[in-house]
J.: 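Could you have a look at this structure, given as structure tokens, before my questions?
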Amino acid sequence: MGNSVKKGKVVFADQNKVKSLHLYKAAVGDQCVKMPENRPFNVNEKDLSEQGRKKEKTQVIIQIQEYISSSDVVIFTKTTCENCSKVKSLLDELDVPYLAVEIDKTDPGLILEEELYEYTMETALPNIFVKEKLIGGYDEVIQLSKDGLFQKLLEDKEDKAKEDQYDFDLIVIGGGSGGLAASKEAAKYDKKVLVLDYVTPSPLGTKWGLGGTCVNVGCIPKKLMHQAALLRQALKDSHKYGWQIEDNVQHNWEIMTKSIQNHIHSLNWNYRLSLIENNAEYENGFGEFVEAHKIKSTNSKGRVKYYTAKTFLIATGERPRYLGIPGDKEYCITSDDLFSLPYCPGKTLVVGASYVALECAGFLAGLGLDVTVMVRSILLRGFDQEMANKIGEHMEDHGVKFIKENVPTKIEQIEAGTPGRLKVTSQSADGTKIVEEYNTVLLAIGRDACTRKIGLDIPGVKINEKTGKIPVNDEEQTTVPYIYAIGDVLENKLELTPVAIQAGRLLAQRLYGSSTVKCDYVNVPTTVFTPLEYGACGLSEENAIAKYGEDNIEVYHSFFWPLEWTVPERDSNKCYAKVICHITDNERVVGFHVLSPNAGEITQGFAVAIKCGLTKEQLDYTIGIHPVCAEIFTTLTATKRSGEDVVQGGC
Ligand code: FAD
Ligand code: NAP
């Protein structure tokens, strides 16, 4: 058939190719729905042996693959399906030649339909393939055409890679924050780019779409659930502002989760669109090296493809760690499961005491749940400990319980359910045992780099055997010169979305443009979205003392009380601002810390100033904005050394 297939030509299954098959009557209905469940074959097939059936299925799969590769645009349709007709009309309007496989006019249509479902996991017709890639169905094609992107899919990029005898210039393994940023940027330089993204389901079976951790199971759902919790606080505050809201307002977990997941699905689709827009190819396959310049891509159905490239980028991120104790994988959830949990988790034990643990504990408690955090050692290791402890105190004031210096040793199920009941046995450093019942146990004990199952030893990429992290030079180059790595897989780098994105973009600009700019991992601002947010940039007080010596730093600080909180009379002097200055370097600001509502918004601006070499004098010369929380940084006078009282009456 090849590309000579004429516009709109309808083909029927080649009887010669399927002549060994029994002829089945396809159940042709006046609708587009495919069979989502794995139905047994119908009565006409009863007489077939198991072996014969398998053979038939294989032949039909081959047939489907032949159709898909026989034209640039292939649509699987039914003559009676309205959406199918609309898509065909649209392609006619766009003057795009396509091959239409009319399933209801095809023998054996029923098996073809079943196998097509297995192949695409799309529950409705039409299914549209462009250049052998599944684009989706009716909605996707209409949207692509509205965005003017359908034609773009068909454009052929000058294939320089092939001149080098590789399929691609760049293959990116991992379509998360870093991988997507790098692929889009590289494609802008007219490079032939393939990005592979594959989500291995969590032990409880949770999986998600394109975009990686941040969009699906990280920053985005986390911040939105944090917002849901802040709204409860706002409802409480509203009484004093005159809102007559009933005290027993209820929260509905399912509605929140559904709304957030809907938003995420739209983002998944936008990622796909932006790859198309930038002319980067995407495949939903698990990538692993099989030769120095060759990878294998395996999709969820076990279908395998091989691709070669001149350059590779590892951006496979991390996945949550498990405790390795009885019952952990069977009964515990992680952040990978939490954000799409179909039921309210109820009384929850959060194990761990860093970013993920405290943020999740914070919003769960904010939503009104009974939450306990089990801390092995300290809160927020690596962060300024004065700030970390203030966060802990604020969470405790707002009802979060902490079990310190304890680790779980066994998780047992008392009762299955949504949620069920779990018995948790834990042990403290001195050997004391605690047994307690919870509905849900959320493990947030760190994350492991996805680097051990991708054949990195084949090209010879070295990883840190203990942590699985990839060491790179300051150009994100691994021990193999044509293989780079970015994002959470990197050793000794910050695990943050904007860091992965920046590193990916700059890498592509260096590889394919004339840029020499490297990613600067110093003074990266960050925010912990606990109920009282914590923003930080630069050194913690401990690290500043260790680096410059106590006598060489000046710490300016103050408590403050956001105006908005004075009327509801809550959390007086819980907010706190601190800047750490290097005395002998013109009191340059080397550490910035704030506990405040909207701490992320505040910190972002000051981070720019710090990047520009902000000094204490410049802070003092800056006129504040009144009445906002951030103005405190323009009026800091008390030093820690002075021992002056820094409690404030309100801003
Ligand atoms: P990822 O985004 O994890 O992407 C890697 C992708 O590669 C994934 O889709 C993965 O499934 C895929 N993959 C893995 N192996 C293969 C393979 N062999 N073949 C194909 N695909 C593969 N950061 C912030 O800046 N702000 C926040 O507020 C924030 N909140 C967070 C909250 C939580 C709960 C978590 C867990 C993380 C949070 N982070 C936050 C961190 C942020 O999500 C990560 O730093 C960021 O996603 C890292 O990007 P990446 O590209 O390195 O990896
Ligand atoms: P993490 O920073 O590695 O912290 C792991 C936590 O789990 C620590 O408190 C650790 O305690 C504890 N822990 C480890 N093993 C344990 C065990 N066996 N039993 C009990 N406790 C144990 O991991 P994370 O919180 O998952 O965060 C991962 C990364 O994601 C972070 O580095 C961060 O960059 C990123 N992230 C960013 C944001 C944000 O920007 N707002 C939010 C979430 C995540 P010890 O201190 O005793 O080791």
J.: Could you check whether any side-chain N or O of N598 sits under 3.5 Å from a backbone N or O of E601, counting only pairs where one atom can act as donor and the other as acceptor?
T.: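 No.
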J.: Within a radius of less than 6.0 Å around NZ of K207, do more than 12 heavy atoms belonging to other residues, nucleotides or ligands occur?
T.: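 Counting other residues, nucleotides and ligands, NZ of K207 stays at 12 neighbours or fewer.
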J.: Within the structure provided, determine whether P221 and I264 are in side-chain contact (heavy-atom separation under 4.5 Å).
T.: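 P221 reaches I264 side chain to side chain.
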J.: I'd like to know if E113 pairs up with K78 as an ion pair, taking the criterion as any Lys NZ or Arg NE/NH1/NH2 lying under 4.0 Å from an Asp or Glu carboxylate oxygen.
T.: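 Salt bridge between E113 and K78, a charged N being under 4.0 Å from a carboxylate O: yes.
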J.: K493: what forms a salt bridge (Lys or Arg N to Asp or Glu O under 4.0 Å) with it, not counting sequence neighbours?
T.: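 Result, salt bridge (Lys or Arg N to Asp or Glu O under 4.0 Å) vs K493: none returned.
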J.: Between E318 and K469, is the closest basic N to carboxylate O distance under 4.0 Å?
T.: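 A salt bridge is present here (some side-chain N lies under 4.0 Å from a carboxylate O).
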J.: Only counting residues at least two apart or in another chain, list the ones meeting side chain to side chain contact (heavy atoms under 4.5 Å, CB included) with R319.
T.: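 So R319 forms a side chain to side chain contact (heavy atoms under 4.5 Å, CB included) with V199, T200, S202, W208, D336, C450.
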J.: Answer yes when E476 and R510 have at least one side-chain N-carboxylate O distance shorter than 4.0 Å, and no when they do not.
T.: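 So E476 pairs with R510 through a salt bridge.
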J.: Can a donor-acceptor pair be found, under 3.5 Å and without considering hydrogens, that links the side chain of R381 to the backbone of S354?
T.: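 Checking the backbone N and O of S354 against the side chain of R381, no donor-acceptor pair under 3.5 Å is found.
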J.: For the pair Q509 (side chain) and G513 (backbone), establish whether a donor and an acceptor sit closer than 3.5 Å, ignoring hydrogens and angles.
T.: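 The answer is no, because no donor-acceptor pair under 3.5 Å joins these two groups.
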J.: Which heavy atom of I135 sits nearest to which heavy atom of R272, and what is that distance?
T.: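 That would be O-NH2, 3.6 Å.
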J.: Is there a side-chain contact between E115 and I111 in this structure, where contact means two heavy atoms from C-beta onward sitting under 4.5 Å apart?
T.: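 Result yes, sub-4.5 Å side-chain heavy-atom pair found.
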J.: Would you mind checking if K466 and E491 are paired as a salt bridge, meaning a charged N to carboxylate O distance below 4.0 Å?
T.: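 Between K466 and E491 there is no salt bridge, as every charged N stays at least 4.0 Å from the carboxylate O atoms.
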J.: What's the separation between atom CD in E359 and atom CD in E533, rounded to the nearest 0.5 Å?
T.: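 Those atoms lie 9.0 Å apart.
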J.: Below 4.5 Å, heavy atoms only, C-beta onward: do L275 and L180 meet side chain to side chain?
T.: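 Yes, side chains in contact.
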J.: Please list, chain by chain and in numerical order, all residues satisfying salt bridge (Lys or Arg N to Asp or Glu O under 4.0 Å) with K301, sequence neighbours excluded.
T.: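 With sequence neighbours excluded, K301 shows a salt bridge (Lys or Arg N to Asp or Glu O under 4.0 Å) to E118, given in chain and number order.
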J.: Do I64 and F76 come within less than 4.5 Å of each other through their side chains, counting heavy atoms only?
T.: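 Yes, at least one pair of side-chain atoms sits under 4.5 Å.
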J.: Take F339 and T206, measure what side chain to side chain contact (heavy atoms under 4.5 Å, CB included) needs, and give me the verdict at the end.
T.: CA-CA 10 Å; F339 301 114; T206 314; over 6 Å; no
J.: Determine whether a donor-acceptor pair (N or O, by modelled atom type, separation under 3.5 Å) exists between the side chain of T478 and the backbone of I483.
T.: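 Yes; at least one donor-acceptor contact below 3.5 Å.
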J.: Give the intermediate values and the outcome of side chain to side chain contact (heavy atoms under 4.5 Å, CB included) for residues I103 and L116.
T.: CA-CA 10 Å; I103 295 176; L116 186 63; 3.8 Å; yes
J.: Can you name the ring pair (Phe, Tyr, Trp, His ring centres under 6.0 Å) partners of F363, sequence neighbours left out?
T.: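 With neighbours one apart ignored, the set is empty.
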J.: Tell me the closest heavy-atom pair linking D167 and Y307, and the distance in Å.
T.: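 Minimum heavy-atom separation between D167 and Y307: OD2-CA, 3.3 Å.
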J.: Under the ring pair (Phe, Tyr, Trp, His ring centres under 6.0 Å) rule, what pairs show up with a residue in residues 446-497, not counting sequence neighbours?
T.: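 Pairs touching residues 446-497 that pass the test: H293-Y482.
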J.: What are the two closest non-hydrogen atoms of I486 and A503, and how far apart are they?
T.: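 Smallest interatomic distance, heavy atoms only, reads CG2-CB, 3.9 Å.
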J.: Would you say F289 and V461 make side-chain contact, with heavy atoms under 4.5 Å?
T.: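 Contact flag for F289/V461 side chains = no.
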J.: Taking the side chain as C-beta and beyond, is there a heavy-atom pair between Y271 and Y282 under 4.5 Å?
T.: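 No, every pair of side-chain atoms sits at 4.5 Å or beyond.
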J.: Any pair with a residue in residues 448-463 that passes salt bridge (charged side-chain N to carboxylate O under 4.0 Å, His left out), sequence neighbours left out, goes on the list, sorted by first then second residue, please.
T.: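 Pairs touching residues 448-463 that pass the test: R321-D448, R452-E465.
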J.: Got a second to check how far S540's OG is from K547's NZ, nearest 0.5 Å?
T.: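 One gets 11.0 Å once the value is rounded to the nearest 0.5 Å.
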J.: Got I454 and F286 here, is their nearest side-chain heavy-atom distance under 4.5 Å?
T.: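 Contact flag for I454/F286 side chains = yes.
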J.: Is the closest side-chain heavy-atom distance between K184 and E277 below 4.5 Å?
T.: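 Side-chain contact under 4.5 Å: no.
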